[in-house]
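This report refers to the structure that appears directly beneath it.
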Amino acid sequence: MRKLTVKRTKSFVACLYTVKLYIEDISNAEITINGTPCRKLGEIKNGDEKVFEIGDDKTRIYAISDKLSKDLSNDYYEIPEGTDDIFISGKNRFNPMRGNSFMFDGNTSEGALQNRKKRLRTGLITLGIAVVIGFIIGLALVSSPAAAKTFSTSDFDITLTNKFSASYEYSGFDVVFDSKDAAVFVISESMDELGIDREVSAQEYGNLIMLSNDIDDTELSEKDGLTYFDYTENVDGENYTYVAFVYKDGDTFWLIQFCVSKDDYSKYADTIMSWAGSVKFK
């Protein structure tokens, strides 16, 4: 046996969430992550460092947020065969559009890097493109015209249409609204979690998001009192346009993204502005 030390570097990102650690284990599997049978090692809080005993065989250590999103949001580190003690570290990375997930440092193995690419692609398909999923969900509603519908959460109201449905099951998002042709993704970040001054504006927060996500081919815009930017993602050969609106409500920033097929964007541009303008915080 040898000792595995895992350090979670302190970060304002997802600081209130506990990261769950699993180790590859065929004989005592409790869960399957990306097709790999695993058992739980433990949990690690923001800034913590924990020591576990592991075997000498080559293995994988997985980090997830929760069981629901384990195949969508995970990162793994390959531990080589040997008897020497192992130290690994990581932290939750600031990326509101990808759930601010935990990522191991120095994780350069080809398999781990491919997993990250696959996870991003899967995330965009599953979360960023509810157009595909929503098509199935929305078939029963196609025959009737869309009517305005206000969705009410504990923090805000938003008026979309009755073609949308709401889901609170996606890790990293406060709520997701999807329909046959569009999707809306909502994320909130408190200033205490971010560790930033309350004087920071929505515009400054929006620029920080663009900088941290390498969105450098567009600019932050303002229209009708709304602050927003747009960008395009290509998924499996098809382009999708996202319009991300930034709001500041008290000591909380909100990022609300509207996603449609790039080919449909011109048709939805005014409607998206209307939807974004309907947001009312409580």
Legend entry - Any E204 side-chain heavy atom under 4.5 Å of K248 side chain: no

Inset, instruction - Mind checking the CD-CG spacing from E189 to D174? Nearest 0.5 Å is all I need. - result: 9.0 Å

Inset, instruction - Can you sort out the partners of T227 under side-chain contact (heavy atoms from CB on, under 4.5 Å), two or more places apart, ordered by chain and number? - result: Q203, L220, E222

Inset, instruction - Identify whether Y168 and L160 are in the same connected component of the hydrophobic contact network (ILVMFWY, side-chain heavy atoms under 4.5 Å). - result: yes

Legend entry - T161 versus A146, closest heavy-atom pair with distance: CB-CB, 4.0 Å

Legend entry - More than 12 heavy atoms of other groups within 6.0 Å of K40 NZ: yes

Inset, instruction - Please examine the side chains of V184 and F245, heavy atoms only from C-beta on, and report whether any two atoms are closer than 4.5 Å. - result: no

Inset, instruction - Start with the C-alpha distance between D251 and R198, add both sets of side-chain angles, then the distance that settles salt bridge (Lys or Arg N to Asp or Glu O under 4.0 Å), and finish with yes or no. - result: CA-CA 6 Å; D251 62 356; R198 282 171 167 72; 3.7 Å; yes

Inset, instruction - Output yes when R2 and D84 qualify as a salt bridge under the 4.0 Å nitrogen-oxygen rule, no when they do not. - result: no

Inset, instruction - For the pair D157 and K280, find out whether any cationic side-chain nitrogen is under 4.0 Å from an anionic carboxylate oxygen. - result: no

Legend entry - Inter-residue atom distance L41.CG - I54.CD1, 0.5 Å rounding: 8.0 Å

Legend entry - Any donor-acceptor pair under 3.5 Å from D85 side chain to K3 backbone: yes

Legend entry - Heavy-atom pair with the smallest gap, counting every atom of I33 and C38: CD1-SG, 4.3 Å

Legend entry - Partner of S188 by side chain to side chain contact (heavy atoms under 4.5 Å, CB included), out of W254, F156, F253, Y247: W254

Inset, instruction - Drop me the distance from T232's OG1 to K262's NZ, to the nearest 0.5 angstrom. - result: 5.0 Å

Inset, instruction - Taking the side chain as every heavy atom from C-beta outward, state whether I86 and I61 have any atom pair closer than 4.5 Å. - result: no

Legend entry - Least distance between heavy atoms, N74 atom then I64 atom: CB-CG2, 3.7 Å

Legend entry - Shared hydrophobic cluster for F87 and Y76 (ILVMFWY, side-chain gaps under 4.5 Å): no

Legend entry - Donor-acceptor contact present, side-chain N162 to main-chain K149, <3.5 Å: no

Legend entry - pair M273-Y228: side-chain heavy atoms closer than 4.5 Å: yes

Inset, instruction - Kindly compute the distance separating CD1 (I23) from CZ (F52), expressed to the nearest 0.5 Å. - result: 9.5 Å

Inset, instruction - Flag the pair Y205 / M191 as yes when at least one side-chain heavy-atom distance between them is below 4.5 Å, and no otherwise. - result: no

Legend entry - Spacing of CG belonging to L4 relative to CD belonging to E53, to within rounding of 0.5 Å: 11.0 Å

Inset, instruction - Would you check if the side chain of K58 reaches a backbone N or O of P80 as a donor-acceptor pair within less than 3.5 Å? - result: no

Inset, instruction - Consider only side-chain heavy atoms of I, L, V, M, F, W and Y, link residues closer than 4.5 Å, and tell whether I158 and F281 are in one cluster. - result: yes

Inset, instruction - Heavy atoms only: give me the nearest F151-F164 pair and the separation to one decimal. - result: CZ-O, 3.4 Å

Legend entry - Distance in Å, I209 CD1 paired with Q257 CD, rounded so as to fall on 0.5 Å steps: 8.0 Å

Inset, instruction - Answer with yes or no after comparing the ring centroid distance for W275 and F177 against a 6.0 Å cut-off, counting only values under it. - result: no

Inset, instruction - Check K282 against S154 and note the closest heavy-atom contact, atom names and distance. - result: CD-O, 3.8 Å

Legend entry - Short side-chain donor-acceptor distance under 3.5 Å, S89 and D105: yes

Legend entry - Student check: side-chain heavy atoms of V6 and Y77 closer than 4.5 Å: no

Legend entry - Donor-acceptor contact present, side-chain R8 to main-chain I44, <3.5 Å: yes

Inset, instruction - Applying side chain to side chain contact (heavy atoms under 4.5 Å, CB included) between V175 and each of D155, V186, I256, report the one that passes. - result: V186

Legend entry - Nearest atoms (heavy-atom pairs only) where Y62 meets T36: OH-OG1, 3.3 Å

